[in-house]
Engineer: 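Before we start, here is the structure in question, set down as structure tokens.
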Amino acid sequence: MALKYDHKAIEKKWQKKWADENAFAASDSSDKQKLYILDMFPYPSGAGLHVGHVEGYTATDIYSRFKRMQGYNVLHPMGWDAFGLPAENYAIKTGVPPVKTTDEAIKTFTRQINSLGLSYDWSREIGTHTPEYYKWTQWFFLFLYNKGLAEKRRAKVNWCPKDQTVLANEQVVNGCCERCGTEVVQKDLEQWFFKITKYADALVDDLDQVDWPESTKIAQRNWIGRSEGAEIKFDISNSSESITVFTTRADTIFGATYLVLAPEHPLLQKLKNHIENWESEVLPYMEVVKNKTDIERQEEGKEKTGVELKGIKAINPANQEEIPVFVADYVLGNYGTGAIMAVPAHDRRDREFADVFGLPIRKVVEPGNPRIMETAKLKSGSTEDIFVGENILINSGDFTGLQSAEAKKKITEAVGGKMVKTYRLRDWLISRQRYWGAPIPVVYDPEGKPHAVPEEHLPWLLPTDVEFKPTGTSPLGQSKELLERTEKIFGIGWKPEIDTMDTFVCSSWYYFRFADPRNSKEFASKEAMQKWLPVDLYVGGAEHTVLHLLYSRFITKVLQQEGYITFGEPFKKLRHQGIILAEDGNKMSKSKGNVINPDDVVATYGADTLRVYEMFMGPLEAMKPWNTQNILGARRFLEHVWDLQEKVTDGIAGAMDMVHRKTVEKVSSDLEHLKFNTAISALMIFVGEAKRKEINRAQYEDLLRLLSPLAPHITSEIAERMGYSLDAWPQPNTSDLPVFNTPIAIQVNGKLRATIELPPAATQEEALAAARKDPAVARWLALGKEEKAVYVAGRIISFAVSTDPV
Ligand code: ANZ
């Protein structure tokens, strides 16, 4: 018997060899076809790598190794998304500077990643917290600033009271901070924004070009929320002012029985002298609304509130009717025009509001097919179903009888409105009142006017003379060094910007840097980007659908427009790995004590076993629970592969020929489609057959090649011992491959009487004919009259005969 499978020695040996040889370096000069395979780079947290990281990283590693064997020049890099709150919060608790904890965490991550045999090109490693990197993050800020795409402005912003910083809209989930879950409040602050809204159309339209999960595309489309409608002007009686509303349902204008302004609408201030109840009712209402978030304001099921503007009437331009005007918080200030025409007969929110204020309801669209209804909750406690769909117009003057779609256009034109598009997407707020981030490269002159820090002063260094206590203003404000630096360069009285950038800015461009990571003159050369980008396969968690994945697309589009690159989408193909649950079916969490540490699994069973196990758990994108028992199965499979060394012969192809060729074809196709679980199951069948039957050298060599992307250490070791080469992928030879037959059970009157083999494509007729020919079946059928015969494809054939066979 050969040596036992000693995973520890084998894995250590090969990992050292790969590191010494820098075995996975991508070549900038090779003319082989390029392939860029990328993981979402991790935040190096103190907790180390978790099994979810292992899942995604193993998937891309398998694909990278597979593609290298097929002859591609693969770029497969790794780096660290290293700025961010956890390191800073830890520093607040302990006083240990974030740079120290971050660098330690990076060391741990690197050790763990290497212990898994992941084939990264470490010569391209980057960390977003290093001055060499954030110099270019700051360059991107200046780039956008100079193009008029970065702007400081006062706005109502989301504030997390716990993390003491503002948040982008994308970081607020159901009204709470994405990171810590604390309820977000609104604050009026001067902040820096990136004008992502300028790219809203391209961000929607170009989703059609990419191979991404449909759910992620839908999430982005919804987030951007493009809506096509009309802006229509309503004059105010006895005044030169007017109110422009945004509506997607111009066809319902004859049913508009009142208007509503958002409490933030600027017109309110202009009209205040004409509003009779301004001091008594309107102003107090506006005060109350100030502290509510948009989500609270739009919450379903809450009784609608508002105040009528006494003394103000608007004129419906379709029928010249005078209608009342309200201020109400269910209309948002930052969407559309901040004003609506209310059609209570066909809009649920308007119906609920009209119910509270006793306003008239006029049906103007014939309820029809499909009957799209929404349920309005009325004050009395009852409900009313209202038709919100489109159909034929009624009670609409000359437009009666038209279909909604046509009426929208005709009415908009007739009342002098214009067709417009609006978006839900807001500009990206990038200022953070925190320490551990890239400083915003801006200084203020003695008048307080902002100026960009010239490029020659980049990197604009993050100061270190700062205490890490959040005080509601930015920690950088405490730095003497930063202030002195600013005055020294720009003059007395000049002040530095003290906010840092959202860490999502750092990650919005990192995939460009990997193409040219040591460039000190540019963030990456045009040639390098042209060579390597776009990313061919990107794998990471689904939690960033409207954060990182949207911001990166925005940055890419700006670079394209400015001629830096020739493509507009950074990630051609995207996949999300599914969440791995704990053995008890719950989410893994420290507090529940159910976290699996990959280090323990590697120590006990080996990296190859962990890799094979995680890939065998189920489809990559599925959510799946951990199962310790099944790790043993993966380990045993590898032991069987190991033991085959003893069994291999110099014989001819023989009994294994067909399964060998079938396996080459199946594994090749499965790896191409990232179907790792089914590839492993095909390999298991192959190994099972080889154990029972026989295996020759060529077949064993191919088995090792097919397995090597999945379990690179054990296969490299065996190949070395056997004198094989794993350099090239086996060629599938399917030319004369017979189709596999499936065993089918045959029952007569419910009892199993025989089994036959059938090709998978057999029809019912062919199946029954084959079954009747079987001598055992024929005997049973001859004993009675055949009444019924059924073939359940691929499984069973069932006959019923009238007299019970004896
Ligand atoms: C009249 C109308 C009649 C409307 C009807 C709907 C149904 P989406 O599709 O989401 O874009 N609206 C416009 N601006 C608003 C704001 N700032 N805050 C709250 N609601 C606003 O929604 C567009 C519709 O939402 C618009 O069309 C408007 O109500 C309302 F039977 O106008 B509609």
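The first residue in the sequence is number 1, and the count goes up from there. We count ligands from 1, going down the list as the structure has it; atoms in each ligand are counted the same way. Not measured: the values here are computed from a predicted model.
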Engineer: Below 4.5 Å, heavy atoms only, C-beta onward: do Q164 and Q433 meet side chain to side chain?
Structural biologist: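 No, every pair of side-chain atoms sits at 4.5 Å or beyond.
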Engineer: Could you list each nitrogen or oxygen of ligand 1 that sits under 3.5 Å from a protein nitrogen or oxygen, with the atom names and the distance?
Structural biologist:
{"from": "ligand 1", "atom 1": "10 (O)", "to": "R424", "atom 2": "NH2", "distance (Å)": "2.6"}
{"from": "ligand 1", "atom 1": "11 (O)", "to": "S227", "atom 2": "OG", "distance (Å)": "2.7"}
{"from": "ligand 1", "atom 1": "11 (O)", "to": "Y335", "atom 2": "OH", "distance (Å)": "2.4"}
{"from": "ligand 1", "atom 1": "17 (N)", "to": "L332", "atom 2": "O", "distance (Å)": "2.8"}
{"from": "ligand 1", "atom 1": "17 (N)", "to": "Y335", "atom 2": "O", "distance (Å)": "2.8"}
{"from": "ligand 1", "atom 1": "18 (N)", "to": "L332", "atom 2": "N", "distance (Å)": "2.9"}
{"from": "ligand 1", "atom 1": "25 (O)", "to": "R349", "atom 2": "NH2", "distance (Å)": "3.4"}
{"from": "ligand 1", "atom 1": "27 (O)", "to": "T247", "atom 2": "OG1", "distance (Å)": "3.4"}
{"from": "ligand 1", "atom 1": "27 (O)", "to": "T248", "atom 2": "N", "distance (Å)": "3.0"}
{"from": "ligand 1", "atom 1": "27 (O)", "to": "T248", "atom 2": "OG1", "distance (Å)": "3.2"}
{"from": "ligand 1", "atom 1": "32 (O)", "to": "T247", "atom 2": "OG1", "distance (Å)": "2.7"}

Engineer: Taking side chain to side chain donor-acceptor pair (under 3.5 Å) as the cut-off, I'd like each qualifying pair that reaches into residues 260-275, sequence neighbours left out, listed once.
Structural biologist: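 As it turns out, the side chain to side chain donor-acceptor pair (under 3.5 Å) pairs with a partner in residues 260-275, which skip direct neighbours, are E264-R297.
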Engineer: Determine which pairs satisfy side chain to side chain donor-acceptor pair (under 3.5 Å) with at least one residue from residues 210-223, sequence neighbours left out, and list them in order.
Structural biologist: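 Applying side chain to side chain donor-acceptor pair (under 3.5 Å) to every pair that reaches into residues 210-223, excluding sequence neighbours, yields E170-W223, D208-R221, D211-R575, T216-H576, Q220-R553.
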Engineer: Evaluate whether atom CG of N174 has more than 12 neighbouring non-hydrogen atoms of other residues, nucleotides or ligands under 6.0 angstrom away.
Structural biologist: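 No, not enclosed.
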Engineer: Answer yes or no: is there a side-chain heavy-atom contact under 4.5 Å between I224 and L550?
Structural biologist: yes
Engineer: Only counting residues at least two apart or in another chain, list the ones meeting side chain to side chain donor-acceptor pair (under 3.5 Å) with R153.
Structural biologist: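 Counting only residues at least two positions away or on another chain, R153 forms a side chain to side chain donor-acceptor pair (under 3.5 Å) with E151, D427.
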